[in-house]
Amino acid sequence: INVNAEDVIVKCDACVIDAPGTHFTFGPLAKNVLIKGVTLTGATETSLVFRNDGADVSFEDCYWVNNESNSMHGAVADMNMTSSVKFYRCEMSDKRVSPRAPGAPGQPGGMVTSLTLRSG
């Protein structure tokens with residue numbers, strides 16, 4: 001789902017998005033966006049991607065379970081440093097994330113995290 005507009009609200013009671021690939025991507029016009037009450041599972045890349053500068057997105061009461069990353073990006077979110085992303089009462093549990101190869105960029109010991117912040 002690509003969001004690239006202002007004042008978008010996705011609100012549900014116990015909705016589940018169970019799909020491979022990426023669940024949401026956010027463009028530079030995604031301002032004042034609210035995603036609420038959604039469970040996101042099964043991503044095989046990164047669940048949320050912020051490739052462009054300037055997005056402003058809030059997540060409330062959302063859950064991430066059993067998502068994976070296919071590269072050095074986080075299983076839950078790959079964010080650039082100029083987007084504003086807020087998580088309120090959210091839970092992240094990505095037990096299926098594979099560790100990085102020895103010597104690959106990331107946390108000490110090759111651990112993969114759920115969130116990745118990029119500077120470019």
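- Counting heavy atoms from C-beta on, the side chains of Ile1 and Ile17 come closer than 4.5 Å.
- At most 12 heavy atoms of other shown residues, nucleotides or ligands fall within 6.0 angstrom of atom NZ in Lys11.
- Annotation: side chain of Ser58 is in contact with side chain of Leu34 (closest heavy-atom distance under 4.5 Å).
- Note: Cys12 SG to Ile35 CD1 = 9.0 Å, rounded to the nearest 0.5 Å.
- Using cut-offs of 30° and 60° for the angle between ring planes, the Phe87 and Phe59 rings count as parallel.
- Gly37 and Cys62 make their closest contact through N-SG, 3.9 Å (heavy atoms, listed as atom of the first residue, atom of the second, distance).
- Minimum heavy-atom separation, Gly27 to Ala55: O-CB, 3.7 Å.
- In this structure, Met79 CE and Phe50 CZ are separated by 7.0 Å, a value rounded to the nearest 0.5 Å.
- Among all heavy-atom pairs drawn from Leu40 and Asn67, the shortest one is O-ND2, 3.0 Å.
- Of all heavy-atom pairs spanning Val3 and Ala30, the tightest one is O-CB, 3.6 Å.
- Across all their heavy atoms, Val49 and Thr22 have their closest contact at CG2-CG2, 3.6 Å.
- Within a 6.0 Å radius of CG in Asp13, other residues, nucleotides and ligands contribute 12 heavy atoms or fewer.
- The side chain to side chain contact (heavy atoms under 4.5 Å, CB included) test with Tyr63 singles out one residue from Thr39, Val38, Val16, and that residue is Thr39.
- Using a distance-only test at 3.5 Å, with no hydrogens or angles considered, a donor-acceptor pair links the side chain of His23 to the main chain of Thr41.
- Of the possible donor and acceptor atoms, one in the side chain of Asn4 sits under 3.5 Å from a partner among the backbone N and O of Leu29.
- Remark: side-chain polar atoms of Ser83 are not paired, donor with acceptor, to backbone N or O of Asp53 under 3.5 angstrom.
- When all heavy atoms of Phe26 and Asn2 are compared, the pair lying nearest together is N-OD1, 4.3 Å.
- In this structure, Asn32 and Glu6 have side chains that are not in contact, with every pair of non-hydrogen atoms separated by 4.5 Å or more.
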